[in-house]
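The structure displayed is predicted, hence computed values, not measured ones. The sequence lines fix the lettering, A, B, ..., with proteins before strands; numbering per chain opens at 1.
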There are 2 protein chains.
Amino acid sequence: MTTLRELATHLGLSPATVSRALNGFPEVGKKTRIRVVEAAKALDYRPNTSARRLATGKSGMVGIIFRAARNLLVDPHFVEYLAGLSMGLAERELDLILRHAPPGAQLASYQRLIASGSIDGLIVSAPEVDDRRIAMLTERNFPFVVHGQVGEDVAYGFYDIDNHGAFSRATELLIALGHRRIALLNGSAGLAFAVQREAAFRTTLAAQGIHVPARFVSHADMSEDAGYNQAAKWLSGLHGFPPTAFLCSSTLMAIGVMRAAGEAGLEIGKDISIIAHDDVLPHLRSEHFSTPLTVTRAPIREAGLCLAEMIHKRIDGAAPRSLQRTANVDLIVRSSTGAAPQDGGRSW
Amino acid sequence: MTTLRELATHLGLSPATVSRALNGFPEVGKKTRIRVVEAAKALDYRPNTSARRLATGKSGMVGIIFRAARNLLVDPHFVEYLAGLSMGLAERELDLILRHAPPGAQLASYQRLIASGSIDGLIVSAPEVDDRRIAMLTERNFPFVVHGQVGEDVAYGFYDIDNHGAFSRATELLIALGHRRIALLNGSAGLAFAVQREAAFRTTLAAQGIHVPARFVSHADMSEDAGYNQAAKWLSGLHGFPPTAFLCSSTLMAIGVMRAAGEAGLEIGKDISIIAHDDVLPHLRSEHFSTPLTVTRAPIREAGLCLAEMIHKRIDGAAPRSLQRTANVDLIVRSSTGAAPQDGGRSW
DNA sequence: GGTCAATTTCAAACCGCTTTAAGTTTAAAC
DNA sequence: GTTTAAACTTAAAGCGGTTTGAAATTGACC
């Protein structure tokens with residue numbers, strides 16, 4: 001562990017000069033700089049981050065809070081998102097510090113993390129409609145960016161996909177195929193993206209004069225189980241005519257719907273249609289499902305990469321409003337969607 | 001941002017006393033301690049981690065390197081593992097710092113992370129048979145624990161599941177069901193766990209006098225795609241009689257095998273049998289597959305929780321050899337396994 | 001009351017780096 | 001040969017904690 005002081009003594013220079021030389025300050029002569037840089041390399045000198053941090057007030061670290069209950073499932077999308085994030089940060093010589101906090105202790109965790117002075121910025125994920133974390137961070141004027149857009153005109157940086165466009169187009173496709181009883185399997189109520197998706201869904205149907213019964217919109221965590229349970233309930237027909245088309249907030253839910261449909265003896269793409277939003281989980285490709293799935297598609301890894309860039313700029317003082325991006329979503333039609341059954345599916 | 005000095009002034013004490021009081025040193029009077037602790041709470045004082053770190057040499061952070069190539073898939077098990085790890089660390093007031101490094105730059109990344117002085121310990125994942133990271137860390141005497149056992153008698157802490165027991169029992173089950181042409185879809189060659197599993201597989205078959213053709217052991221990343229491709233190749237029969245049973249290193253691979261079997265018109269649990277190792281991905285439950293899957297089961301989240309405890313003890317000076325654990329694996333029989341077809345499956 | 005030890009508190013040094021303000025050289029200009 | 005600006009270099013003061021060694025206080029005991 002070579003220290004700056006040792007290096008300076010070794011070179012016959014003062015620590016100040018060495019520090020300047022290594023950090024690219026202009027006041028250092030060219031020959032001196034070269035000499036210093038080479039000696040540093042030769043002695044394998046690495047500045048101690050804690051010391052630098054203490055002196056500069058910058059930590060070179062970005063925080064993210066891992067929200068999960070001890071016995072609850074972790075969103076598998078998170079790892080892809082994290083992959084993007086950590087790659088993007090690594091490119092910028094930033095480190096990610098990942099701290100776990102149970103759902104109940106979120107706000108306190110954010111505050112502790114900030115107060116400990118170990119991070120320069122925060123990534124906020126899965127915002128809710130009136131997100132207290134965002135309110136708190138805004139008030140403290142602590143640098144942060146959000147994965148998800150919460151309102152129309154917000155004062156902070158964010159990355160989001162075009163949820164409205166995606167779900168409008170998906171709904172339009174189903175309508176065009178003749179479907180009239182369309183159900184939405186949405187994410188948990190209160191999450192910003194779920195609200196956006198539901199609004200797009202309702203608006204599009206309303207524009208065509210199609211009524212949406214309340215029971216055709218469900219909220220749940222985005223798991224295979226939740227998809228199965230909800231679809232099985234609908235398909236049982238116990239609560240009225242089942243939907244002929246299912247719009248799922250995630251491919252995982254779609255897998256559950258497919259399982260329920262299979263058990264009900266229904267053919268996907270013929271008896272019923274399914275569209276899901278595909279965040280692109282590379283190990284679970286919607287084009288390879290037993291019936292290839294029609295999806296709205298936007299790789300979640302991109303979100304991580306983009307947010308990494310944004311938080312970097314934000315820490316460097318960029319105006320939050322210059323760091324806002326809404327990404328396009330592709331609609332990819334495969335065989336899980338087809339014309340609505342002739343009899344409206346009432347014969348099952 | 002209250003500092004220690006401010007707090008001390010506020011209390012009319014010296015920083016030294018306040019520091020001692022908060023850190024539980026015995027030289028501080030009881031009333032003084034209470035007074036200090038309460039004032040700290042009132043002023044919402046949090047010691048600056050960088051400063052503490054610089055003074056103590058301890059950072060309160062544990063590092064993990066996220067190995068992923070830009071365009072490669074990320075192992076979905078990683079998020080579950082990470083969940084366990086970050087929960088376990090949070091309980092012990094440790095933070096996790098997650099740094100990305102491409103496969104080619106692993107060793108250098110580990111070295112940089114250590115040299116920067118920002119972590120007290122490291123978690124090493126997915127060890128290979130002769131792992132250079134382990135060699136390097138051992139040589140530097142830097143605290144670390146490994147997810148996976150590399151040899152019989154090693155000098156560092158590790159957590160692993162009983163790969164040998166799991167794959168022996170799974171193989172035995174298939175033999176007992178009458179299968180003789182059994183294939184192993186293993187993880188990538190060179191990974192310690194893959195070596196263990198293959199050894200168990202071969203030993204068990206050899207003990208029964210069953211020969212394993214080389215083509216019945218494949219190595220690949222553990223994805224649905226890889227499972228599908230390999231199974232499709234075998235089932236095509238172009239390279240000899242196909243296996244009647246498949247032993248998969250992961251449920252993801254099993255999904256691929258099931259897809260290939262479906263396309264070949266084979267009934268799972270009757271025409272062919274499948275067993276997979278299930279690390280328990282909560283969003284993808286093997287009991288809910290179209291044919292419920294027979295599995296060897298060990299939640300990977302446990303690994304994270306246990307390793308968190310181990311690295312904590314290791315940093316506190318525990319002897320590495322006292323931190324070694326091999327966890328039991330359950331064999332859960334469901335309907336994807338059945339008696340080998342009467343004709344040995346030669347009729348397809 | 002004086003002594004001695006135990007208890008409690010403090011001043012100051014230190015961790016390793018950055019940065020300000022000031023000092024010293026060097027080169028150019030007069 | 002000064003004068004002056006430009007180019008380098010440095011000493012020293014932080015950053016916010018911890019810790020050592022010494023001093024001040026307290027109380028028990030003779």
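- Side-chain N/O atoms of Tyr45(B) include none lying less than 4.0 angstrom from OP1 or OP2 on dG16(D).
- Between dG17(D), dA11(C), dT18(C), one nucleotide has an atom nearer to the side chain of Arg52(B) than all others, and that is dG17(D).
- Nearest nucleotide to the side chain of Asn23(A), out of dT9(C), dT19(C), dT18(C): dT18(C).
- Atom-to-atom, CD of Glu27(A) to P of dT26(C) comes out at 19 Å; the value is rounded to the nearest Å.
- Between Leu82(A) atom CG and Phe66(B) atom CZ the span is 5.5 Å, to the nearest 0.5 Å.
- Nearest-nucleotide positions on DNA chain C for Arg46(A) and Ser14(B) put Ser14(B) closer to the 5' end.
- Residue Ser19(A) has no polar side-chain atom (N or O) positioned under 4.0 Å from OP1 or OP2 of dC17(C).
- Arg5(A) comes within contact range of at least one nucleobase, with a heavy-atom separation under 4.0 Å.
- Side-chain atoms of Thr17(A) lie closest to dT9(D) of the nucleotides dA11(D), dC15(D), dT9(D).
- Between the P atom of dG16(D) and the NZ atom of Lys58(A) lies a distance of 13 Å, rounded to the nearest Å.
- Distance Leu4(A) CG to dC15(C) C1': 13 Å, rounded to the nearest Å.
- Side-chain N/O atoms of Arg20(A) and base N/O atoms of dT20(C) include a donor-acceptor pair closer than 3.5 Å.
- Here the nucleotide nearest the side chain of Leu54(A), chosen from dG16(C), dC10(C), dT19(C), is dG16(C).
- Remark on DNA chain D: of its neighbouring residues Thr2(B) and Gly12(A), the 5'-side contact belongs to Gly12(A), judged by nearest-heavy-atom nucleotide.
- With a 6.0 Å radius and a threshold of 12 heavy atoms from other residues, nucleotides or ligands, Arg140(A) has its CZ atom above the threshold.
- Checked options Glu309(B), Arg325(B), Gln149(B), Gln324(B); the residue passing with Tyr159(B) is Arg325(B) (criterion: side chain to side chain contact (heavy atoms under 4.5 Å, CB included)).
- Residue Asn48(B) contributes atom CG, which lies 6 Å from atom C1' of dG16(D) at whole-angstrom precision.
- Arg321(B) has a carboxylate O that lies under 4.0 Å from a charged side-chain N of Asp153(B), or vice versa, which qualifies the two as a salt bridge.
- Regarding Arg33(A), its CZ atom lies at a distance of 13 Å from the C1' atom of dT9(D), rounded to whole Å.
- Summarising the geometry, the separation between CZ on Phe25(A) and P on dT18(C) is reported as 8 Å, rounded to the nearest angstrom.
- Residue Val62(A) forms a side chain to side chain contact (heavy atoms under 4.5 Å, CB included) with just one option from Ile311(A), Leu122(A), Ile119(A), Asp120(A), and that option is Ile311(A).
- Heavy atoms of Thr3(A) sit under 4.0 angstrom from primed sugar atoms or phosphate atoms, though from no base atom.
- Donor-acceptor pairing under 3.5 Å is recorded for the side chains of Tyr81(B) and Ser125(B).
- If you check dG16(D), dT19(C), dT9(C) against the side chain of Ala51(B), the one that comes closest is dG16(D).
- Distance Leu11(B) CG to dC10(C) P: 10 Å, rounded to the nearest Å.
- Heavy atoms of Thr32(A) sit under 4.0 angstrom from primed sugar atoms or phosphate atoms, though from no base atom.
- Remark: P of dT26(C) and NZ of Lys31(A) are 10 Å apart, rounded to the nearest angstrom.
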